[in-house]
Amino acid sequence: MHRRAFLTTAATLAAAGCFTRPNPLAESGRIMTVRGPIDPAVMGRTLTHEHLFSIFGLDPAEPFRYDRPVVRDAVLPHLQAVHALGVHTIVDATAAYFGRDAVLLKQLSEASGLHLITNTGYYGAANDRYVPGHAFEDSIDGLAARWMREWTSGIAGTGIRPGFIKLGVDRGPLSAIDRKLVQAGARVHRRTGLTLAVHTGDSVEAARQQLDLLRSEGVDASAWIWVHAHSVATTDPLLEAADAGAWISLDGYRPDRTPLFLERLGAFRAAGLLGRVLLSHDGNTYPRNGSAEPRPFTALFTDLLPALLEHGFAPAEIDRLTIENPARAFTVQVRTTD
Ligand SMILES: [Zn+2]
């Protein structure tokens, strides 16, 4: 059956209540937060890559048992601070085995009034330290099935659903496990419409290989976010990926990186590709590795956005970068090449 005909049939059946199991495409066109689906129009100003808490540096654990009241008290003031700066949504990039806690995110969402988005998927960077043993044994479809269950039934019996697929890969050439993570993610995307955000860093080779793998799975580049792309040495590979349709996440903003961000954003603007860029801090307000200080997430608003305005960016371009692009990037929608 032609794909479009199939989708129409599926939608008709779903409307008639003919699916006994949840229809994985039922949230198409929405954004999935820890408190349920929202309309993209109410997402508002958004930080697209932060960590409210994580256990990076510690041994992997799933679930990690935080002292939730302690974490709530530590993180909530940071959420209130960004809310006061006009932020309405934060995408939390802490993956399973890396300190993800969907219940804690939901509590923080209720306490702060912010929309928070969590994820499914595994973090295969850091030499696969946070990839669970079963992922090495699972087939691609077996791995995809685990993530599909989180999407259709919620994370670990909480009923809280992921809003995107978070993966990580090490530098290229991609290892067998990193390839498997990307292929499984691509298949989950095709069945759900969840966007893939992949920790890729400065490895242009790893980025290009991922785009090839997605293409071989029939997934369009616009379903993929190049996470930590600000760390690439030159802008050309980023423009090339953006031109192919990928999302470019300049997510390591700190005030001392203002010149770098101005240069990168200027290049995207000159190329007419500002519509493919996402901005964030990769902050971590409750790091559990003992030594690390919290990295809060306000500098974008107190430092970078004023600098952009000073350098001739229009308020509409700021809104595009911080409101419209995040809503387009994270709207649940199947993006195939066929
Ligand atoms: Zn991160």
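One-based numbering, in listed order, for ligands and for the atoms of each.
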Do V277 and I323 land in one hydrophobic cluster if side-chain heavy atoms of ILVMFWY residues count as linked below 4.5 Å?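 No: no chain of side-chain contacts under 4.5 Å links V277 to I323.
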
Is there a chain of hydrophobic side chains (I, L, V, M, F, W, Y, each step under 4.5 Å between heavy atoms) that links V103 to L114?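 V103 and L114: one cluster.
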
Salt bridge (Lys or Arg N to Asp or Glu O under 4.0 Å) partners of residues 166-179, not counting sequence neighbours, each pair once: R171-D202

Output every pair passing salt bridge (Lys or Arg N to Asp or Glu O under 4.0 Å) with a member in residues 210-232, not counting sequence neighbours, ordered by first then second residue. R187-E217, D212-R215

side-chain contact (heavy atoms from CB on, under 4.5 Å) with S153: which residues, sequence neighbours excluded? none

Residue-atom pairs from the protein, N, O or S only, that lie under 2.8 Å from the Zn ion (ligand 1):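 Under 2.8 Å from the Zn ion (ligand 1) - ignoring waters, which are not counted - the protein N, O or S atoms are H49 NE2, H51 NE2, D282 OD1.
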
CA sep, side-chain torsions, deciding dist, call: T200, V227, side chain to side chain contact (heavy atoms under 4.5 Å, CB included): CA-CA 6 Å; T200 301; V227 171; 5.7 Å; no

